[in-house]
S.K.: 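Sending over a structure as structure tokens; questions will come in a sec.
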Amino acid sequence: MNAKNIGILLIVIGAIMVFYTGFNYVTKEKVVDIGPIEINKQESHPVKWSPIVGVVLLIGGVVLVVKDKK
């Protein structure tokens with residue numbers, strides 16, 4: 001991969017991180033299992049990041065794309 005491709009990838013990832021500041025994922029945990037009776041617990045785990053990280057990636061990608069054109 002050359003600098004232009006990496007720059008484009010950083011621009012795309014940075015733009016996504018600016019607009020989507022996080023996501024959630026759900027895990028299931030078995031709480032009780034007595035014969036035919038089973039009780040499960042669903043737990044949500046949020047993953048958050050600052051939009052500033054996305055802006056930094058976006059700017060870094062633009063710099064790589066512009067630098068590669070020279």
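Since the model is a prediction, treat every value here as computed from it, not as a measurement.
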S.K.: For the atom pair CG (Leu10) and CD1 (Ile59), what is the distance rounded to the nearest 0.5 Å?
M.R.: 12.0 Å
S.K.: On a heavy-atom basis, which atom in Pro51 and which in Thr21 lie closest, and how many Å separate them?
M.R.: CG-CG2, 3.8 Å
S.K.: Is Lys41 atom NZ crowded by more than 12 heavy atoms from other residues, nucleotides or ligands, each under 6.0 Å away?
M.R.: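 No, because the 6.0 Å sphere around NZ of Lys41 holds 12 heavy atoms or fewer from other groups.
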S.K.: Between Trp49 and Leu9, is there a shared hydrophobic cluster once you connect ILVMFWY residues whose side-chain heavy atoms come closer than 4.5 Å?
M.R.: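 In one cluster with Trp49: Leu9, yes.
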S.K.: Can you see which heavy atom on Val65 is nearest to which on Lys4, and at what distance?
M.R.: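 Reported closest heavy-atom pair: CG2-O, 3.9 Å.
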S.K.: Consider only side-chain heavy atoms of I, L, V, M, F, W and Y, link residues closer than 4.5 Å, and tell whether Ile8 and Val62 are in one cluster.
M.R.: yes
S.K.: Which atoms form the tightest heavy-atom contact between Leu57 and Met17, and what is the distance?
M.R.: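 Result for this residue pair: CD1-SD, 3.5 Å.
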S.K.: Give the minimum heavy-atom separation between Ala3 and Asp68, together with the two atoms involved.
M.R.: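 Closest pair (atom of Ala3, atom of Asp68, distance): CB-OD1, 4.0 Å.
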S.K.: Side-chain heavy atoms nearer than 4.5 Å, only ILVMFWY residues, links allowed to pass through others: does that put Leu58 and Val66 together?
M.R.: yes
S.K.: Does Val53 belong to the same Ile/Leu/Val/Met/Phe/Trp/Tyr cluster as Ile13, with side-chain heavy atoms less than 4.5 Å apart forming each link?
M.R.: yes
S.K.: Answer yes if Phe23 and Val26 sit in the same cluster of Ile, Leu, Val, Met, Phe, Trp and Tyr residues linked by side chain heavy atoms under 4.5 Å apart, and no otherwise.
M.R.: no
S.K.: Quick check: closest heavy atoms across Asn24 and Val47, and the distance to 0.1 Å?
M.R.: OD1-N, 4.3 Å
